[in-house]
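Worksheet: the structure to be examined is printed underneath.
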Protein chains: 2
Amino acid sequence: MKRRRMKKDKVTINDIAKEAGVSKATVSRVLNNPEKVAETTRKRVLEVIQRRNYRPNPLARALTVRKTGVIGVIVSDISNPFYAVMVRSIEEVCRAYAYYVFLCNTDGREEEEEFYISSLIERRVDGIILGSVDLESKSFKRLEEAEIPFIFVSRLPRDREKYDYVMIDNVLGGYIATRYLLSLGHTRIAYLGGRWNTSSNLDRFEGYKKALQEAGIEIQKEYVLCGEFSMEGGYREGLRIIESGNNRPTAVFCANDAMAIGLLEACRERKVRVPEELSVIGFDDIPLSALGCIQLTTVSQSIASLGALSGKMIIDKITNVEKRNAKQQVVLPPKLVVRRTCARVSGEGGGNP
Amino acid sequence: MKRRRMKKDKVTINDIAKEAGVSKATVSRVLNNPEKVAETTRKRVLEVIQRRNYRPNPLARALTVRKTGVIGVIVSDISNPFYAVMVRSIEEVCRAYAYYVFLCNTDGREEEEEFYISSLIERRVDGIILGSVDLESKSFKRLEEAEIPFIFVSRLPRDREKYDYVMIDNVLGGYIATRYLLSLGHTRIAYLGGRWNTSSNLDRFEGYKKALQEAGIEIQKEYVLCGEFSMEGGYREGLRIIESGNNRPTAVFCANDAMAIGLLEACRERKVRVPEELSVIGFDDIPLSALGCIQLTTVSQSIASLGALSGKMIIDKITNVEKRNAKQQVVLPPKLVVRRTCARVSGEGGGNP
DNA sequence: ACTTATAATAAAACCGGTTTCAAAAAAAGC
DNA sequence: GCTTTTTTTGAAACCGGTTTTATTATAAGT
């Protein structure tokens, strides 16, 4: 089975050793512990390395040093702009530190998450960023056994205090959003939530409750709906809000921008004027929200920072073994960005037909 | 340097061999050439493998068989929705075939492209999907030397006939778009192009020219602008179109939807009514374009198919060595989707102030 | 029954590096 | 100048698999 055509394979450490007249151990040292080899030999070996344009095979290297230089990033769907910009900045910092990223989409399905996690362990990735666990997710337990560093970003599991993460202060965000609506005179405020059993949804809801309670307003069951963190989800539940009859809310706090935009779609379709008849506020501040024809008032989180910080954090955990056991938990502040979709409540009695 | 705490490391092929009372060669055969090992031993070994939950180390495996099971995907920016949905479906088919994807963003910079390509070669990826080469890009030449399969998707280099690719019929798309505007009575039609030296831009422009020539309309220099394939690009050049004075076009064919939406932004800002005063048509049909408040008329390409087909194609090239040298070139048909942003031209003389 | 072909397995070499250990060379000490 | 310490280097073992080659057991042929 000789290879056809004398294909010149990559130059290996043996080639270099032979050509430089040293052992391969020495070549390896020149690359990894240059101070341990004599000036003259080092130069000679280096010259050959340069001339032959030698680069060590990362696979072989990984096999012995047990570091692959790749990290796994698990999100539910990269075509969701939130994750897209997050992953973008993760990739950016990884590149700067010579790490590669394996991109994994789970579609929010636990089986896929399990599959990817065990598969990434098998592939010996150096670390994993988990971007969309459910509150009850257990799949990451295997990472603890395998002793592979991992962090959560944006969404957290139960017992968050035991893990590393970077996220935004969601309850504060929910509080800010709701307070803002209250400040505009609204009292009938709905919560349009995303996938229920996620920390981000629950935290934001927490903030919503807190603000209402402080204002002495009781939470009404009919005013809290939940669906999926997507435009379609927002549209579907949005229709139900719109058609909720003579007790319709005057404002809606949406758990994320995608849902808010879905709701806006529903409003446009049913000729409900925003913000005159219905105020809507979102969460995330995805690029889309700034668009002229949308101008969604929202609670902004710096998605890019989220990505950059989590990239930085996982690399830190990988390289600083000492820090491995020191919990790192960063929570970013949310910020209200006022645009066009919220207005002072009109008639005190509410504006229903 | 003994490892602290008796950490139980992954079970290796040696463990299995010992426990089953065979040589590691036999274990390997059980996994890779089961027919070459006797029924009884096979069963015995398999039992041990199951019981110990053994999975071969992919790194070690890759080292000898020279297949890593990962493919590189190079795009300019994953946060661009076009690439996001494309990569999404690439990842999906890869997962189905047990391949992993390395995600690489180049921001359209040739240095980054070069860096990634050589770096991916070094890492021994099995194949590469190039999602955003410039027409004059040469960086992929190294892939030919390294004999790593690669295909282009969406954007092509010069000499396209020599390479494998999957893309949409861009000149047909440009032709369709322009014909549609012509059919609405427009004669002053501008071309708002993206990054100039890309095949998609040039092809779409080609289609534009063809349609105009057929209609006996001369191409006017002032009517062809080019910027970047982004909202900002569309906005910036869009302003110039809007302010182009008494010879303003009545319709604009935008090289992609992002630019079209940027142009729409500019129109909204400058109070140019679309489609009454200006018709605009885009290209791509990204999810955003269907939004109620946008409803962009556009030339649709199935971005997901683009991704799925290219994923399929690269895997095919990797696994079917025979097919390696048979060029595969698939070009998908574009489709006009009429929404809201184009109208019959108003006053024959044009509607300028 | 005795070679001969064939199937099943083990031993060894290899993939391309790193690392331990021991030997050789150079520097230091007296 | 000779022993002792320190540097510098090479040989060998290892990482965890696959593959070639050699060996042994079994089946087939005459």
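Just so you know, these numbers come straight off a predicted model, no measurement behind them. To find a chain, count down the sequence lines: A is the first, B the second, and so on, and within it residues start at 1.
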- request: Describe the nucleic acid contact of B/Ala25 in one word from base, sugar-phosphate, nothing, applying a heavy-atom distance below 4.0 Å.
  value: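 Answer is base: heavy atoms of B/Ala25 come under 4.0 Å of a base.
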message: Using a heavy-atom cut-off of 4.0 Å across all strands, would you classify A/Val27 as base, sugar-phosphate, or nothing?
response: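 No contact at all - A/Val27 keeps every heavy atom at 4.0 Å or more from the nucleic acid.
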- prompt: Counting only N and O atoms by type, is there a donor-acceptor contact under 3.5 Å from the side chain of A/Asp77 to the main-chain atoms of A/Asp107?
  reply: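 No; zero donor-acceptor contacts below 3.5 Å.
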query: Is it true that a side-chain atom of B/Asn80 and a backbone atom of B/Phe82 form a donor plus acceptor pair closer than 3.5 Å?
result: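 Flag set: sc B/Asn80 to bb B/Phe82 pair under 3.5 Å.
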query: Out of D/dG16, C/dT19, D/dT8, which nucleotide sits closest to the side chain of A/Val65?
result: C/dT19
message: Closest approach to the side chain of B/Thr64, judged atom by atom: which nucleotide of C/dC15, C/dT9, C/dT18 is it?
response: C/dC15
Atom [atom1] of [X] to atom [atom2] of [N]: distance rounded to whole Å?
X	N	atom1	atom2	result
A/Lys67	C/dT18	NZ	C1'	14 Å
B/Leu59	C/dC14	CG	P	22 Å
A/Arg123	D/dG16	CZ	C1'	15 Å
A/Lys24	C/dG16	NZ	P	10 Å
B/Arg29	C/dA8	CZ	P	11 Å
A/Asp15	C/dC15	CG	P	10 Å
A/Arg55	C/dG16	CZ	P	16 Å
B/Leu31	C/dT9	CG	P	15 Å

query: Residues in ring pair (Phe, Tyr, Trp, His ring centres under 6.0 Å) with A/Tyr99, at least two apart?
result: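 Partners of A/Tyr99 under the ring pair (Phe, Tyr, Trp, His ring centres under 6.0 Å) test: none.
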field: B/Ile318 side chain near B/Ile71 side chain, heavy-atom distance below 4.5 Å
entry: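 A side-chain contact under 4.5 Å exists here.
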Is the distance from OP1 or OP2 of [N] to the nearest side-chain N or O of [X] less than 4.0 Å?
X	N	answer
A/Asn32	C/dT18	yes
B/Ser28	D/dT18	yes
A/Asn57	C/dC15	no
A/Ser23	D/dG10	yes
A/Thr26	D/dT9	no
A/Arg66	D/dG16	yes

Salt bridge or not between [X] and [Y]? Use side-chain N to carboxylate O under 4.0 Å.
X	Y	answer
A/Asp15	A/Arg52	no
B/Asp164	B/Arg324	no
B/Glu145	B/Lys141	no

field: Comparing B/Val22 and B/Ala60 on DNA chain C - which has the more 5′ nearest nucleotide
entry: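 Its nearest nucleotide being more 5', the pick is B/Val22.
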- request: Determine to 10° how strongly the helix from C/dA1-D/dT30 to C/dC30-D/dG1 is bent, judged from the axes of its five-pair ends.
  value: 50°
field: Partner of A/Glu122 under salt bridge (Lys or Arg N to Asp or Glu O under 4.0 Å), chosen from B/Arg55, B/Arg61, B/Lys10
entry: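 For A/Glu122, the salt bridge (Lys or Arg N to Asp or Glu O under 4.0 Å) check succeeds only for B/Arg55.
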